[in-house]
2 protein chains.
Amino acid sequence: MQQLRSYFSKLIKLTDQEWADYADCLVKERFPKKSFLLEEGGSCDFIAFVTEGIFRFYHEVEGEEKITAFFFSGDFVTNYRSFLTGGPSEHYIQVLQDATIYKISKKDLHDLYDKHRSIERLGRLIAENLYLMVAKRLDAFHSSSPEERYYELVNRNSKLLQEIPQYMIASYLGIKPETLSRIRARK
Amino acid sequence: MQQLRSYFSKLIKLTDQEWADYADCLVKERFPKKSFLLEEGGSCDFIAFVTEGIFRFYHEVEGEEKITAFFFSGDFVTNYRSFLTGGPSEHYIQVLQDATIYKISKKDLHDLYDKHRSIERLGRLIAENLYLMVAKRLDAFHSSSPEERYYELVNRNSKLLQEIPQYMIASYLGIKPETLSRIRARK
DNA sequence: TAATTTCGTTGACCAAAGTCAATAAATGAT
DNA sequence: ATCATTTATTGACTTTGGTCAACGAAATTA
């Protein structure tokens with residue numbers, strides 16, 4: 001949980017009171033491998049901070065699983081779209097490695113937004129950061145080949161490569177497992 | 001400028017005073033076709049609201065222009081990444097149709113964030129909305145074929161199709177002009 | 001440990017998008 | 001209105017990634 005406070009402190013300085021109020025809203029939960037944190041159809045009414053484990057965020061398109069993101073220790077795990085819009089999730093969040101998370105509900109977070117300016121600001125800063133992450137990834141899809149996307153991933157997140165099966169990485173990159181296998185075989 | 005206030009009112013209720021303070025920071029500017037609102041290398045220290053005209057947001061990759069976005073009347077025009085990070089822009093923002101915008105500087109906006117809670121919240125809501133837009137687009141790149149992306153665009157933004165030359169739409173879709181021409185010829 | 005399923009690689013072939021070039025149509029400039 | 005430039009289309013060919021199938025390696029389970 002100290003992990004979360006230190007994450008926040010990179011964005012904004014919270015007083016002890018503000019942090020205490022935030023921490024009061026956090027609920028610790030454990031999830032075993034293969035279980036689901038969120039299933040299709042349900043609306044995502046929480047944001048959670050991962051302190052242990054790995055998740056994948058995916059949806060099904062014509063019987064095929066398309067993985068949009070992985071979440072590791074130190075990330076927020078949520079269907080942010082569903083969280084923001086309140087609409088039903090078309091995505092699943094599944095546990096790949098036994099996980100521990102600290103959840104905060106949408107309602108509690110909005111109450112904190114009202115109660116503390118700094119937390120409202122924190123909400124903005126987090127939204128801005130999530131924007132930056134997804135914008136960067138869109139850029140990679142728009143401007144790079146699968147091979148380039150793969151090597152960019154190798155350079156920036158080699159941890160991911162070791163933890164995640166290759167066919168899921170292929171899905172994340174938007175290509176077929178056979179193609180990723182061939183990219184790796186080249187040169 | 002009433003256009004902007006009505007845009008805001010869909011997100012949050014501002015008092016007359018808050019709006020007045022916001023409006024005081026806005027600077028009207030006109031840009032002729034083909035001019036640049038932002039060039040590569042400069043950092044983007046503003047967000048602007050478009051009341052007239054069209055812009056394209058693009059960068060150069062190996063001598064080729066990749067268009068990431070178009071901005072129309074009623075949109076915000078900015079390099080949001082550069083605006084948030086303060087880093088230099090790798091992108092250009094060029095005017096496609098004579099334009100009028102209302103700029104607010106990063107400094108003024110941050111002062112307003114400090115001064116009015118509602119405007120801080122507005123900043124969060126805008127960041128959240130921009131996230132939703134780019135996340136949706138990433139999804140399209142990840143899960144859809146060029147043909148599907150094209151027809152999705154036809155359905156949801158036929159205005160764009162009439163205003164923008166086809167080779168720019170191709171770039172926006174991540175394909176070559178010849179390919180878009182062939183997609184249109186199919187069926 | 002043995003049996004079974006899942007995962008990664010490879011080959012032959014297919015489909016889709018890219019490249020290069022020619023030409024036609026549309027747009028802009030004089 | 002004419003000329004020049006830019007944009008859109010089409011054709012022939014290449015490149016890249018997808019499909020389907022086979023096989024072996026690795027991991028899971030009994």
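- Checked by atom type, the side-chain pair A/Thr15/A/Glu18 shows a donor-acceptor distance below 3.5 Å.
- Atom CG of A/Leu173 and atom C1' of D/dT16 are 16 Å apart (whole Å).
- When only modelled atom types and interatomic distance are considered, B/Ser105 and B/Asp45 share no side-chain donor-acceptor pair under 3.5 Å.
- The CZ-P distance, from B/Arg149 to C/dA16, rounds to 15 Å in whole Å.
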Could you write nucleotides 24-30 of chain D as a row of B, S and -, 5' to 3', where a protein heavy atom under 4.0 Å of any base atom gives B, of only sugar-phosphate atoms gives S, and otherwise -?
-> -------

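- Aromatic ring pairs are classed by plane angle as parallel below 30°, tilted from 30° to 60° and perpendicular above 60°; the pair B/Phe49 and B/Tyr7 is perpendicular.
- Legend: residues meeting ring pair (Phe, Tyr, Trp, His ring centres under 6.0 Å) with B/Phe31, ordered by chain and number and at least two apart, are absent.
- Rounded to whole angstrom, the span from the OH atom of B/Tyr150 across to the P atom of D/dA8 amounts to 11 Å.
- One end of the helix from C/dT1-D/dA30 to C/dT30-D/dA1 points its axis 60° away from the other end's axis, with each axis taken from 5 pairs and the angle rounded to 10°.
- Between B/His142 and A/Phe141, the distance from one ring center to the other falls under 6.0 angstrom.
- In terms of modelled atom types and a separation under 3.5 Å, the side chain of A/Ser171 and the main chain of A/Ile67 share a donor-acceptor contact.
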Nucleotide by nucleotide, nucleotides 6-14 of chain C touches protein heavy atoms under 4.0 Å in the pattern (B base, S sugar-phosphate only, - none) -SSBBBB--

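- What separates NZ of B/Lys176 from C1' of C/dG18 is a distance of 7 Å, to the nearest Å.
- Under the 30°/60° scheme for interplanar angles, the aromatic rings of A/Phe8 and A/Tyr22 are found to stand perpendicular.
- Screening residues 146-187 of chain B for ring pair (Phe, Tyr, Trp, His ring centres under 6.0 Å) gives B/Phe70-B/Tyr172 as the qualifying pairs, with residues at least two apart or on separate chains.
- Here the side chain of B/Glu148 pairs a donor or acceptor atom with the backbone of B/Ser145 at under 3.5 angstrom.
- Whole-Å rounding puts the A/Ile175 CD1 to D/dT16 C1' distance at 11 Å.
- Of the side-chain N and O atoms in B/Arg186, one or more sit less than 4.0 angstrom from OP1 or OP2 of C/dA17.
- Scored by the side chain to side chain donor-acceptor pair (under 3.5 Å) test, A/Asn155 finds no partners at all (sequence neighbours excluded).
- Under 3.5 Å, the side chains of B/Tyr92 and B/Glu40 contain a donor-acceptor pair of N or O atoms.
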